[in-house]
Asks: 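Below: one structure in structure tokens.
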Amino acid sequence: MRIVIGQGSCGIAAGAEKVRIALQNLGIDAGIVGCIGMCYLEPIVDIYDDDNQLTRLVKVNESDAQSIAEYIKTGNKALIENLIVSEDDSQFLKKQTRIALRRCGIVNPDELNAFLEADGYTALKKCLSQLSPEEVIEIIKVSGLAGRGGAGFPTWFKWNAARQSAGDEKYLICNADEGDPGAFMDRAVIESDPHTLIEGMLIGAYAIGAKHAVVYVRAEYPLAIKRLERAIKQATEAGIIGNNIFGTDFCCDFTIKAGAGAFVCGEETALIESLEGHRGMPRLKPPFPAAAGYWLKPSNINNVETFANVSWIINNGGEAFAAMGTENSKGTKVFAVTGKVKRSGLVEIPMGKTLRDVIFDIGGGMKGDKEFKAVQMGGPSGGCIPAELIDTVIDYKALGATGAIMGSGGMVVMDETTCMVGMAKFFLDFTAKESCGKCIHCRIGTTRMLEMLTRITKGEGKDGDIELLEELCYAIKDGALCGLGQTAPNPVLTTIKYFRNEYEAHINNRKCPAGECTDLVEYNIDADKCRGCTLCARNCPVEAISGTVKEPHIIDTEKCIKCGKCYTSCKFDAVTRA
């Protein structure tokens with residue numbers, strides 16, 4: 001019998017390490033794996049019997065360790081019945097098709113042997129022993145693999161451009177600077193399966209003729225960096241990284257650069273500037289990195305998920321990958337599903353599925369069975385897709401037609417309680433702060449837009465604000481230097497397009513239809529519903545609620561600071577907000 005505990009960042013934050021220690025104290029030696037993607041059920045303990053049959057336990061805590069230990073000794077499943085994952089929750093994984101995430105939550109990320117036993121580095125061996133660099137690029141071309149970092153640019157084309165660029169010194173760079181709010185796909189891959197990233201990068205380096213590979217990763221991902229450093233060390237000691245890899249003439253070294261958390265460094269030329277020790281600011285293009293990138297040498301940049309697909313494609317053939325997806329978007333895509341959805345976590349599905357498939361079929365629909373309102377795709381660079389477009393197909397073209405983008409895979413789900421003006425303001429606040437300041441359109445334009453959105457959410461909007469916002473949006477899109485500024489207006493444009501009535505309500509009626517904008521909300525108590533339980537009064541931090549037990553209570557609106565604690569604590573829906 002083998003016991004493993006999911007120890008990605010989400011699992012550890014939920015208490016997985018405490019569970020492991022509690023089991024260890026009871027004589028149970030539990031191994032570790034990374035994140036399986038069921039973040040909403042962490043901590044997760046997987047028990048494999050002698051026939052490798054899996055029993056998955058979810059939401060485990062320290063107090064459950066004794067029951068688990070007894071079950072392992074006696075085989076009495078009644079001891080852990082309340083911990084076994086439900087059939088409904090099992091569908092979260094069963095309805096996915098996993099390629100980039102195929103080993104996440106399965107192998108021990110700290111052990112090279114675990115990766116090798118799962119066919120690790122077989123694709124690299126195949127490339128070095130059987131395929132020329134041009135043949136590798138052709139396989140990637142046949143697969144239709146597009147960059148998973150957001151732009152969806154054909155991977156083979158970038159590889160081929162770098163391959164054909166003159167010069168003996170070339171660089172293969174991985175962009176692991178995952179900066180979108182709500183996105184954690186790349187972190188999970190590095191934490192859970194770092195050798196898959198290394199193998200994909202080595203294949204890419206072989207294809208373009210690079211002897212140097214660099215991973216640019218967010219410093220906010222300490223566990224990912226730790227596990228990647230360990231994996232690189234193990235692979236180097238095994239002769240998989242370094243000189244004469246697998247006894248061939250191919251040589252490649254690896255380095256890690258921890259970025260300082262600048263969102264703009266997700267743009268490839270800004271990333272290169274940061275790698276060189278400069279302030280992360282985008283360069284004018286051309287020249288493109290394939291011709292003059294890192295240290296002005298030919299360079300290729302792809303993100304983590306892109307590289308995570310490469311070894312599978314080499315082993316299974318480009319045709320197998322291209323058989324999944326749509327005509328314009330091949331293969332699978334990983335999404336970080338967060339927000340007001342019941343089952344949040346990592347979802348990998350073939351392109352061509354719909355938003356409904358992800359949000360309702362896999363994600364289980366809205367928390368509290370509230371009404372689905374919108375989904376934000378592509379993070380600050382993306383846009384909001386409304387409920388009426390829930391059957392939109394997930395591919396680059398279809399999502400682009402809505403005004404959103406695929407992006408790196410962030411999917412923030414919103415219900416009826418979400419203010420769309422507030423949502424636009426949230427993303428503009430992010431992009432305005434993250435602007436590098438190099439170009440006026442982005443530096444000044446996003447700031448002006450944020451000021452207008454702030455006024456509107458405070459009830460200080462004016463006639464013509466919506467039209468002025470739209471004018472600013474298009475000016476910024478046309479004039480900004482890089483992708484950050486060019487896409488920053490997307491959340492505003494899409495919320496105006498699909499939820500213009502909410503902007504008008506804020507401006508004309510000084511009301512927030514969703515009841516989220518604090519300055520526009522007033523809390524009252526419905527005397528007919530109030531039971532006088534005093535729970536609201538006990539939760540009010542400023543003693544703005546008065547009344548006697550079993551009698552209707554009253555809110556003093558002059559004292560009320562609109563924190564909403566009365567609204568969330570009332571069990572009888574007696575507290576209203578308008």
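In this text, all values refer to a predicted model and were calculated from it rather than measured experimentally. Computation of the quantities below employed the complete heavy-atom set of this structure, encompassing side-chain atoms and omitting hydrogens, waters and symmetry-equivalent molecules.
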Asks: Between Lys297 and Tyr171, is NZ or CZ placed under 6.0 angstrom from the six-membered ring centre and within 45° of the ring axis?
Replies: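 So Lys297 doesn't make the cation-pi contact.
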Asks: Quick one: does Met38's side chain get under 4.5 Å of Val85's, heavy atoms only?
Replies: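 Heavy-atom side-chain distance check passes, below 4.5 Å.
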Asks: Is it the case that Asn490 and Lys477 place a side-chain donor and acceptor less than 3.5 Å from each other?
Replies: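 Their side chains do contain a donor-acceptor pair, which is all the 3.5 Å distance test asks for.
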Asks: Can you name the one residue among Leu197, Thr196, Ile203 that meets side-chain contact (heavy atoms from CB on, under 4.5 Å) with Glu199?
Replies: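 Exactly one option meets the side-chain contact (heavy atoms from CB on, under 4.5 Å) with Glu199, and it is Ile203.
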Asks: Just verifying a value: how many Å separate Asn316 CG and Ile139 CD1, rounded to the nearest 0.5 Å?
Replies: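 Between Asn316 CG and Ile139 CD1, I get 11.0 Å after rounding to 0.5 Å.
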Asks: More than 12 foreign heavy atoms under 6.0 Å from NZ of Lys373: is that the case here?
Replies: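 Enclosed: over 12 neighbouring heavy atoms sit under 6.0 Å from NZ of Lys373.
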Asks: Mind checking the CZ-CD1 spacing from Phe92 to Ile362? Nearest 0.5 Å is all I need.
Replies: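 The distance works out to 7.5 Å.
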Asks: Atom NZ of residue position Lys95 - does it have more than 12 heavy atoms of other residues, nucleotides or ligands inside 6.0 Å?
Replies: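 Yes, because the 6.0 Å sphere around NZ of Lys95 holds more than 12 heavy atoms from other groups.
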Asks: On a heavy-atom basis, which atom in Thr269 and which in Pro289 lie closest, and how many Å separate them?
Replies: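 That closest heavy-atom pairing would be CG2-CG, 4.3 Å.
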Asks: Looking at every non-hydrogen atom in both residues, tell me the closest pair between Ala424 and Thr495 and how far apart they are.
Replies: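 In this case the closest contact between Ala424 and Thr495 is CB-OG1, 3.7 Å.
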Asks: For Pro109 and Ser192, work out which heavy atoms get closest and say how close.
Replies: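 Taking Pro109 first and Ser192 second, the nearest heavy atoms are CB-O, 3.5 Å.
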Asks: Tell me, please, whether Tyr121 has Lys125 positioned over its six-membered ring: NZ or CZ under 6.0 Å from the ring centre and within 45 degrees of its axis?
Replies: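 Judged by the rule, Lys125 and Tyr121 form no cation-pi pair.
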Asks: Around Lys285, counting heavy atoms of other residues, nucleotides and ligands shown, do more than 12 lie under 6.0 Å from its NZ?
Replies: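 It does: Lys285 NZ has more than 12 such atoms within range.
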Asks: Answer with yes or no whether the side chains of Ser9 and Glu191 bring together a donor and an acceptor at under 3.5 Å.
Replies: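 Side chains of Glu191 and Ser9: pair found under 3.5 Å.
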Asks: Hey, is NZ on Lys226 packed in by over 12 heavy atoms from elsewhere, all under 6.0 Å?
Replies: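 Counting neighbours around NZ of Lys226, 12 or fewer heavy atoms of other residues, nucleotides or ligands fall under 6.0 Å, so no.
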Asks: Taking atom OH of Tyr396 as the centre, report whether more than 12 heavy atoms of other residues, nucleotides or ligands fall under 6.0 Å from it.
Replies: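 Buried by this count: over 12 neighbours within 6.0 Å.
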Asks: Does Lys59 NZ have over 12 foreign heavy atoms under 6.0 Å away?
Replies: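 Incorrect, the count does not exceed 12.
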Asks: Return the CD1 to CE distance between Ile359 and Met411, rounded to the nearest 0.5 Å.
Replies: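 Atom-to-atom, Ile359:CD1 and Met411:CE are 6.0 Å apart.
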Asks: I need the Thr446 OG1 to Glu434 CD distance, nearest 0.5 Å.
Replies: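 Rounded to the nearest 0.5 Å, the OG1-CD separation comes to 11.0 Å.
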Asks: Taking the basic N atoms (NZ, or NE/NH1/NH2) and the acidic carboxylate oxygens, is any pair closer than 4.0 Å for Arg283 and Glu276?
Replies: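 Looking at Arg283 and Glu276, the cut-off is met.
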Asks: Is any side-chain N of the basic residue among Lys233 and Glu229 closer than 4.0 Å to the acidic one's carboxylate O?
Replies: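 So Lys233 does not pair with Glu229 through a salt bridge.
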Asks: Closer than 4.0 angstrom, basic N to acidic O: yes or no for Glu516 and Lys425?
Replies: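 No, no charged N to carboxylate O under 4.0 Å.
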Asks: If you measure from the Lys or Arg side-chain nitrogens to the Asp or Glu carboxylate oxygens, is any gap between Lys433 and Asp429 under 4.0 Å?
Replies: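 Judged by the 4.0 Å cut-off on N to carboxylate O distance, Lys433 and Asp429 do form a salt bridge.
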